Amino acid sequence: FDRGVRGVEQLLDALFLNSAETIVIVADDGSIQYATAGLAMLLGHDAATAVGQSIFSYVHPSDVEAAADLFDRRLDYRGADLGHEVRIRNSSGDWVPLVVTAIVLPEADVDAIAITIRTPDASVGIEHSLRQRVAVGGYCNTLSTEIMALSDPREVIERITLALSELALLTGADCVDMLLEHRDHRIIERHARFARPEFSRGSDEPVTVPIPDAASGIQTLLSADTLCEQPEQIAEMSIFDVAVQAAPVSLLSSPLQSGGQRGALRAMRCKPGPEWTDADAELVRSVAVIIGRALRSAQSEQLLSLTYREGPIGFTIRTWDGTLVDCNQQF
């Protein structure tokens with residue numbers, strides 16, 4: 001039914017008046033356009049007074065940079081996210097840790113984001129976990145479908161590279177990369193990487209380095225799901241030097257298989273932050289499976305193309321009436 005803008009606002013106010021959550025609509029410049037009345041119950045701020053203020057004026061100064069970066073990147077991502085913990089100022093001036101999730105509003109005249117703010121207490125833990133699982137499942141289904149629709153191996157690699165930035169957005173990682181081990185097991189290649197600008201070192205282009213003999217952690221990385229926050233252990237699994245990678249302080253990774261070639265998908269934080277969640281681990285694990293499957297298909301396409309173009313047997317493609325469509329070098 002159509003009640004107009006004011007009617008919708010009144011409906012949202014009624015729905016969230018006694019809720020532990022509040023919804024804030026934010027324009028692409030960060031200004032608050034609307035907030036449900038539940039904002040007063042959650043943080044003590046008057047919803048009408050909040051309109052026109054910058055959402056970042058309520059965020060802890062130490063969290064503003066990361067929150068602004070996530071906000072800017074969020075405008076280009078249309079799916080649901082897993083939620084991030086942010087410290088927000090209440091009416092008493094105290095900093096309250098709250099879970100914030102966001103989604104871009106469809107068909108809006110300008111880019112706008114609906115932000116849901118709620119407490120991270122145990123009473124809503126199960127519900128939040130279910131929401132995260134739905135978000136993980138939705139993202140992985142979309143990613144798998146989009147990759148399967150691509151026929152050009154180069155487009156597959158481009159979509160995988162984009163997926164790394166999406167993974168960083170969803171998990172709050174500062175750096176996400178994909179490693180592939182060469183078949184002689186002595187060399188490892190950082191095939192693709194996304195890094196937030198302040199943690200970017202060198203080029204995001206592929207980098208190949210030899211695996212040190214003593215780097216036993218690399219074998220763990222390539223064979224098992226890994227969650228590590230010990231600097232000395234991370235050093236064994238982060239073989240790229242400071243010239244090409246900021247030193248991570250925590251690492252979440254999952255192995256991937258591309259035919260007979262091993263690899264790993266790594267999400268890293270380069271400064272202390274929230275703990276990795278079960279949803280983060282599930283997302284990294286699922287995306288690693290999708291990437292491994294996509295790489296196998298891309299490699300098969302490349303092998304088939306190479307065999308056709310430069311193989312020892314002549315091939316020709318013709319229409320039913322005998323008209324030449326294409327042929328390879330040997331033909």
Side-chain angles (χ1 to χ4, degrees), residues 136 139-140 143-144 147 156-157 159-196 199-241 244-270 276-299:
V136 168
Y139 174 76
C140 291
L143 176 63
S144 183
I147 288 180
V156 172
I157 298 301
R159 185 62 187 91
I160 289 174
T161 302
L162 176 59
L164 301 187
S165 67
E166 294 169 343
L167 198 61
L169 173 66
L170 293 170
T171 63
D174 298 315
C175 181
V176 179
D177 63 14
M178 181 183 68
L179 309 181
L180 289 176
E181 181 186 43
H182 286 208
R183 297 188 185 278
D184 62 4
H185 305 298
R186 295 183 193 148
I187 296 174
I188 196 163
E189 178 182 37
R190 192 189 66 200
H191 194 75
R193 177 186 72 170
F194 167 83
R196 288 178 55 191
F199 300 113
S200 180
R201 304 288 186 274
S203 171
D204 288 335
E205 295 300 315
V207 178
T208 302
V209 297
I211 299 177
D213 293 335
S216 59
I218 293 294
Q219 302 309 317
T220 301
L221 192 73
L222 296 171
S223 59
D225 292 332
T226 303
L227 172 59
C228 186
E229 295 180 335
Q230 302 299 320
E232 64 279 0
Q233 295 179 16
I234 293 176
E236 291 185 350
M237 292 179 276
S238 181
I239 60 175
F240 300 101
D241 63 31
V244 295
Q245 178 171 304
V249 298
S250 64
L251 178 148
L252 175 67
S253 76
S254 186
L256 60 88
Q257 293 287 335
S258 176
Q261 192 173 18
R262 298 191 303 172
L265 179 63
R266 305 189 302 178
M268 293 166 282
R269 292 202 170 104
C270 300
W276 301 107
T277 66
D278 290 342
D280 294 332
E282 181 181 353
L283 181 60
V284 171
R285 187 164 52 247
S286 299
V287 172
V289 171
I290 294 171
I291 288 177
R293 187 167 60 234
L295 288 175
R296 284 197 297 273
S297 299
Q299 289 167 346

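Everything numeric in this text was worked out from a predicted model, so none of it was measured.
A donor-acceptor pair under 3.5 Å links the side-chain atoms of Ser165 to the main chain of Leu162, judged by distance alone.
Ile218 and Ile188 get closest at one heavy-atom pair: CG2-CD1, 4.3 Å. Taking every heavy atom of both residues into account, Glu229 and Ser250 meet most closely at CG-CB, 3.6 Å. The nearest pair of heavy atoms linking Leu143 to Ala163 is CD1-CB, 4.0 Å. Scanning all heavy atoms of the two residues, the minimum distance from Ala246 to Phe199 falls at CB-O, 3.4 Å. Minimum interatomic distance between Leu256 and Ile291 (heavy atoms only, all atoms of both residues): CD2-CG2, 4.1 Å. Minimum interatomic distance between Trp276 and Arg269 (heavy atoms only, all atoms of both residues): CD2-NH1, 3.4 Å.
Only one option out of Ile234, Asp177, Val176, Val249 pairs with Met268 in a side-chain contact (heavy atoms from CB on, under 4.5 Å); it is Asp177. The residue from Leu164, Leu252, Leu221 that alone fulfils the side-chain contact (heavy atoms from CB on, under 4.5 Å) condition with Arg266 is Leu221. Applying the side-chain contact (heavy atoms from CB on, under 4.5 Å) test between Arg193 and each of Ser203, Pro206, Cys175 identifies Cys175 as the sole match.
Every side chain to side chain contact (heavy atoms under 4.5 Å, CB included) that Arg262 has, sequence neighbours left out, goes to Glu181, Gln219, Leu222, Ser223, Gln257. Legend: residues meeting side chain to side chain contact (heavy atoms under 4.5 Å, CB included) with Asp225, ordered by chain and number and at least two apart, are Ser254, Pro255, Arg285.
Under the salt bridge (Lys or Arg N to Asp or Glu O under 4.0 Å) criterion, the residue pairs touching residues 162-173 are Arg159-Glu166, with sequence neighbours excluded.
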